[in-house]
J.: 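Would you mind keeping the following structure in view while I ask a few things?
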2 protein chains.
Amino acid sequence: MEVRRQDIHNSEIPLVCRACEARHGGVCGALTAEQLVELNRHSSRHRLETGAEVIGQGETVVNYSNIMRGVVKLTKVMADGRQQIVGLQFAPDFLGRPFLEESAITAEAATDSEVCNFPRHVLDRLVKRTPELEHKLHRQALKELDEARDWMLTLGRKTAQEKVASFLYLIATHIDPESVDQSSFDLPLSRADIADFLGLTIETVSRQFTKLRKENVIRIENNRHVSVPDMDRLMRYASTD
Amino acid sequence: MEVRRQDIHNSEIPLVCRACEARHGGVCGALTAEQLVELNRHSSRHRLETGAEVIGQGETVVNYSNIMRGVVKLTKVMADGRQQIVGLQFAPDFLGRPFLEESAITAEAATDSEVCNFPRHVLDRLVKRTPELEHKLHRQALKELDEARDWMLTLGRKTAQEKVASFLYLIATHIDPESVDQSSFDLPLSRADIADFLGLTIETVSRQFTKLRKENVIRIENNRHVSVPDMDRLMRYASTD
DNA sequence: TCCGCCATTTGATTTTGATCAAGTGAAAGC
DNA sequence: GCTTTCACTTGATCAAAATCAAATGGCGGA
């Protein structure tokens, strides 16, 4: 029976993996016990403090990661310093760009985080032998592509107010997908990061926060904690369907 | 010998496929002669006039396509009509979003085009059995993701002038990758489309064209034909590295 | 406790690009 | 051949967001 076989296999799964919250959510779910053992031999967990860089734009990719806890921001920087956040990744997302030597983006912990690293060549080898693993990575890439395109609409066509509301809505729906109540959360980004995500300045972001607060769309405590009394209303402010 | 075996296989490849320009560039390159025969049984080529819709936002996906000729634009529309082009696809790109029932975007011929359609379920079945095919689609998704993120920087952080220069540079480098001389080409998009791609109005796009023309960065004939005397100079105007 | 720092907010002014409105010019139809 | 149409350009004005500048307020360290 399927359940029985899984139980047997479970007993061979590395302890760290069995205790791992991303065991099924990340890429690891596609692997057999045997493969997990191999991957585990080379993988290592790391804590990242806010601001810690996972990889820099233009650097050689040596590791892929699973995000175990926290939020990682993906940014692009122009020569003159202008900056754009092109993606936010939440646990238990896979982090990395397969099949590319050099990273086109910087990945940096937006909050205190924890990641599980595996060497690029080990996972690459595993991908070649495990169609199910490539399938998982493929799905992850498509998810990120959908998200990127959604955000292009926000960047290109929304007003400052709609952008800020869109951001709040995004965080509310991503930060803790488990929790029933998405209406109260801590922002994982500073005002400067939010500005870089929305293509605005920090002043404009701040003013829009104030406006949304005065119109009772949100409440703010300590700058970072937000409550949303009516999520549908926030959604309307975001002009998101 | 590898070459020999391929020759033998070639003789079994459907005629239409053997004559097909996208035979190796699209997804078909991952398939055996046998698989090509099967796919070919259900596939059909279509001409698309400018403006013809391949699929609409919210519609059920019934076909995937290879673009044989022309340029296809991917757009998102808001409830109030605001519109954003979130991607341009050039021959011989694969067109479609695997693993999703409903399309999140509209795909529409930007120029007179030609596509090769195959039913979704046939390709889906083929993907399950052919890791090499999924690998190709995976790579295509990652390429599109890279492009989307590059464009997010353009949308979020560049000025109108930089945006228009970035667009011209993109077209110059994509429209005809074969040609040695990329310095002269026809624009595949109208001013309105360009505006929707750049998150600007047509008036602003037009003014920036005029400015670039007056500064001798480009020359324009008949509104649609552009020559670039110095590609590096255009690149600098685009603030692209 | 007080100081200094840093993130954030708020205010005044400027700038960029949007909007509104009129032209221009080339191709299609009568 | 003339008109109509449509895409595009150009001009004048407006508004949204950027910029410049100054508060505010919480927090950690002396």
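In what follows, every chain begins at residue 1, and chains take the letters A, B, ... in the order their sequences are listed. This is a predicted model, so every value here is computed, not measured. Quick note: numbers below take in every heavy atom, side chains included, and nothing from hydrogens, waters or symmetry partners.
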J.: Specify the separation, in whole Å, of atom CG of A/Asp196 and atom P of C/dT8.
T.: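 It is 12 Å, rounded to the nearest whole Å.
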J.: Would you tell me if any nitrogen or oxygen in the side chain of A/Ser206 comes within less than 4.0 Å of OP1 or OP2 on C/dT9?
T.: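 So the side chain of A/Ser206 is within the cut-off, an N or O lying under 4.0 Å from OP1 or OP2 of C/dT9.
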J.: Show the numbers, then the answer: is there a side-chain contact (heavy atoms from CB on, under 4.5 Å) between A/Tyr64 and A/Ile55?
T.: CA-CA 10 Å; A/Tyr64 300 129; A/Ile55 187 167; over 6 Å; no
J.: Let me check the geometry of the helix from C/dT1-D/dA30 to C/dC30-D/dG1. What is the bend angle between the axes at its two ends, five pairs each, to 10°?
T.: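 Overall, the helix from C/dT1-D/dA30 to C/dC30-D/dG1 bends by 30° from one end axis to the other.
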J.: Got a salt bridge between A/Arg157 and A/Glu162, using NZ or NE/NH1/NH2 to carboxylate O under 4.0 Å?
T.: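 Salt bridge flag = no for A/Glu162 with A/Arg157.
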J.: Check this for me, if you would: do B/Lys76 and A/Asp150 make a salt bridge, where the nitrogen-to-carboxylate-oxygen distance has to be below 4.0 angstrom?
T.: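 Yes, B/Lys76 and A/Asp150 are salt-bridged.
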J.: Are A/Lys143 and A/Asp93 within salt-bridge range, i.e. N to O under 4.0 Å?
T.: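 Counted as a salt bridge, because a side-chain N and a carboxylate O are separated by less than 4.0 Å.
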J.: Taking 4.0 Å as the cut-off, does a side-chain nitrogen or oxygen of A/Thr210 come that near to OP1 or OP2 on C/dT10?
T.: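 It does, given that an N or O in the side chain of A/Thr210 lies less than 4.0 Å from OP1 or OP2 of C/dT10.
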J.: Would you find more than 12 non-hydrogen atoms of other residues, nucleotides or ligands less than 6.0 Å from A/Arg47 atom CZ?
T.: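 No - once you tally the heavy atoms of other residues, nucleotides and ligands closer than 6.0 Å, there are 12 at most.
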J.: Just the rounded figure in Å: distance from P of C/dT8 to CZ of A/Arg213.
T.: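 The distance from CZ of A/Arg213 to P of C/dT8 comes to 14 Å, rounded to the nearest Å.
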J.: Would you mind checking if A/Asp196 and A/Lys73 are paired as a salt bridge, meaning a charged N to carboxylate O distance below 4.0 Å?
T.: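 No, A/Lys73 and A/Asp196 are not salt-bridged.
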J.: Output the rounded distance in Å from CD1 (A/Ile194) to C1' (C/dA7).
T.: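 The distance from CD1 of A/Ile194 to C1' of C/dA7 comes to 12 Å, rounded to the nearest Å.
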J.: Got a salt bridge between A/Arg120 and A/Glu101, using NZ or NE/NH1/NH2 to carboxylate O under 4.0 Å?
T.: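 Salt bridge present between A/Arg120 and A/Glu101.
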J.: Could you tell me the boundaries of the chain B footprint on DNA chain D, defined by atoms under 4.0 Å from its heavy atoms?
T.: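 First and last nucleotides in contact are D/dC8 to D/dA12.
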J.: In B/S/- notation, 5' to 3', how is nucleotides 20-25 of chain C contacted by protein heavy atoms closer than 4.0 Å?
T.: B-----
J.: Atom CG of A/Leu200 and atom P of C/dT16: how far apart are they, to the nearest Å?
T.: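 Spelled out: CG on A/Leu200 to P on C/dT16 is 17 Å.
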J.: Give the C-alpha distance, both sets of side-chain angles, the deciding distance and a yes or no for side-chain contact (heavy atoms from CB on, under 4.5 Å) between A/His42 and A/Phe118.
T.: CA-CA 6 Å; A/His42 305 281; A/Phe118 9 86; 5.7 Å; no
J.: Any chance you could measure A/Glu102, atom CD, to A/Glu59, atom CD, to the nearest 0.5 Å?
T.: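 If I round to the nearest 0.5 Å, the distance is 9.5 Å.
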J.: Check the distance between C/dT16's P and A/Arg82's CZ and give it to me in whole angstrom.
T.: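 Those two atoms, CZ and P, are 13 Å apart.
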J.: Which comes earlier along DNA chain C counting from the 5' end, the contact point of B/Thr159 or that of A/Lys214, where each point is its nearest nucleotide?
T.: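 Here A/Lys214 is the residue nearer the 5' end.
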J.: Could you tell me whether A/Arg224 atom CZ has more than 12 heavy atoms of other residues or ligands within 6.0 Å of it?
T.: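 Atom CZ in A/Arg224 is packed in, count exceeds 12.
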J.: Rounded to the nearest Å, what distance is computed from the NZ atom of residue B/Lys158 to the C1' atom of nucleotide C/dT16?
T.: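 Those two atoms, NZ and C1', are 18 Å apart.
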J.: Can you tell me if A/Asn117 and A/Ser44 form a side-chain donor-acceptor pair at under 3.5 Å?
T.: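 Distance-only check fails for A/Asn117 and A/Ser44.
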J.: In whole Å, what is the span from the CG atom of A/Leu212 to the C1' atom of C/dT9?
T.: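 Spelled out: CG on A/Leu212 to C1' on C/dT9 is 15 Å.
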